[in-house]
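Structure, as structure tokens:
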Amino acid sequence: MAPTVALAGNPNSGKTTLFNELTGSRQHVGNYPGVTVEKKEGTYVRDGFRLHIVDLPGTYSLTAYSLEEVVARDYLVEKKPEVVINIVDASNLERNLYLAIQFLEMGIPICIALNMIDVAKKRGIKVDVQKLSSLLGVPVTPTVARSGKGKKELMDSASQIAREHRQFTSLKISYGADIDPVLSEMENEIADRDFLTDTYQARWIALKYLEGDEQIISKGQKVDLDLSNRLREMVRKVSHHLLNTLDTYPEAMIADQRYGYIKSILKQGVIHHKYDRNRLYSSDRIDKVLTNRFVGPLIMLAVIAGLYHFTFTYSQVPVGLLESFFGWLGSALSAVLPDGMLKSLIVSGIIDGVGGVVGFVPLIMFMFFGIAILEDSGYLARVAFMLDRVFRIFGLHGSSVMAFIVSGGIAGGCAVPGVMATRTLKSPRERLATLLTVPFMNCGAKLPVFALLIATFFAKYEAAIMFLITLGAWAGALLVAKLLRVTVIKGAATPFVMELPPYRMPTFKGLAIHTWERTWQYIKKAGTVILGLSIVLWAMMTFPGLPDNRIQEFETLRRSEISRVPAAIADELKAAREGAELSRPARNLKKSLQHIDADEAEAGLRYSIAGRIGGALEGVSRWAGFDWRTNIALVGGFAAKEVVVSTLGTAYSLGEVDPEETGSLSETLAKDPGWSPLLAVGLIVFTMFYSPCFVSVICISRESGSWKWGAFAMAFNTVLAFLLAVLIFQVGTAFGL
Ligand code: BGO
């Protein structure tokens, strides 16, 4: 039987004209079964090769909004023609490609007839056919259906696809940060239960539920009511969320993202207007400036620098207040609770550990608020669009940009959704390179570490240093990606297309919800995972406790200190209340005894499980200037990066050098002679690049399909981070910094 070619396209695209051109007198007209929609069929013959041509009803879309759309769609999924010729009006490309994108999303083998090229030319529109074809990944042939121009070339492409039975992988578009996670959750459920998957693909079914496609939903209700209801509930939730935050609906968002995808294709030099179009959409007008080749990147840098300035300036007061509050809480509980394990756990383990992380909530909140403005307005997608030019040089794909931004490319993201976001990348090699480098971004967990060190050592230049850290993270990620792409993951780059949704005015409600959602995630993590880890690390820093003979040694030291002064002085100290005025010899005795207490605490910490691990690593870590306390914090950071701050908090709290002058961790580090700005820079760089946290490693392994890559990320990143930290410390020391 002759292979079937279906003609599809928008009304008035020239479908009927082309059909008549192809079939001549070999055609007949009937109806699609059960409906009054006309069905025209015919035969095309060339060099003895016959093709059965079916003219589908003209449609703008493949949703079930009209009878024509349902008929066209049913024909495609039920009859599975070998190839679809999509007739696209070249003079109205953006509108016409909307249907083409939906064929690609369904994984239907298509070739494009770029029709009415003569009309386009008359209107001063020039289309780069080659570029369009390579960006869409399908053959594109310019045609003039009315004169038959391009007919032969078009049919050559179509016959080739039909003869080869070429399979098309379905196009995966990102539908935005709100829809994407729900879509993949729905897709997994659908695939697990084989729900309608004998006819449609799982992702497409999920998409139709999100678009509220009545035909698919009613089919679903009949097959598995329970799952269908669950899917509808997921859709209801995300719809509610979208309505609250962006004042939109999933189907509108999906359409926007599809148009954004098309816009991004057209913006890459596919279409040239000879005459200046006097009517530009406002988004296009804004884009003319914001994504301009020269001005665009400068504006982008200024926006990011402005974001950091805003965050650090306005969060300073609330961060200070929270820090003071935790300081006060620690001292107050210290005074009330009796000495012992419980007091140590609450004050050193929980308050100094978790408090250090919670203290940064205002900063995180301001940062998320700024990011929400960029995201909700549509500017973040433009950042990705501009960065694409740079990404290609490093062997990555433009779609990787979004994964980097989600992971904290500007700040405050998380590598876990970043790793998930790589699912939209088609090339497995580019995907792997992206997966392995997204953890270099400055996720929300690293921010408290940076904020602590910047506030302690570079307080005057907070925004500038944060800006440098961001540039450093990108530079590191891109260089490593390049290294991977020329060594372990070699292969050519694929053309890039990404979504450029229209600009929107963010609503205050939307910004508030987005900011709060993310901040709440951070607080929840601090209150659960970080709290748990802080307790475990406190235990590791407390047990097994000094052996009796060592305790005895410190006791002897204390006694000998006391025996060196007249008994009256020792009695004065003993009898004195907290804060009471003491004589000079009594004050000296108090200081000596406090030093012995501090030495004992430090000896206890060193003797603890964590202390021994930190101490054992000191032989190597000294090269980077890290002492055993920092080592404990960094080992804790393997579990979650926030733990670096909480562990430093606990470590310095347990081994307090000068108990009379307790202050915030920042104050303690500033006073500690072992710390310096140089060491802080080394530690910042190490934190930026060393092993992804445990959860990210699991995700990398799962998404790459092998534990090998998870292990690679841990080992490679840690070695790289260490070498950089050593370099900074050694060179800095050599220059006397
Ligand atoms: C009329 N170039 C030009 N210039 N015109 C084309 C081309 C092309 O490549 N292809 C088609 N057309 P349909 P659908 C018409 O009918 O095939 C013209 O809905 C007219 N009719 O000739 O019907 C085509 O099947 C009187 O134009 O589209 C047709 O997809 C004056 O585009 C129209 C002028 O084509 C739609 C045009 C009485």
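Keep in mind the model is a prediction, meaning the values are calculated, not measured. Just so you know, ligand 1 is whichever comes first in the structure, and atom 1 is the first atom listed for that ligand.
Nearest approach of A158 to V83, heavy atoms of both residues: O-CG1, 3.6 Å.
Relative ring orientation between H514 and H241 is described as tilted, the plane-to-plane angle lying within the 30° to 60° band. Between Y209 and F195, the ring planes are tilted. Angles from 30° to 60° get that label.
For the pair R285 and Y503, the cation does not sit on the ring face, since its NZ or CZ is not both under 6.0 Å from the ring centre and inside 45° of the axis.
Residues K208 and E211 are paired through a salt bridge, judged by an N-O separation under 4.0 Å between the basic side chain and the carboxylate.
Here the side chains of M116 and S13 are not in contact, with every heavy-atom distance at 4.5 Å or above.
At a 4.0 Å heavy-atom cut-off, the residues surrounding ligand 1 are N10, P11, N12, S13, G14, K15, T16, T17, N115, M116, D118, V119, V144, A145, R146, listed by chain and number.
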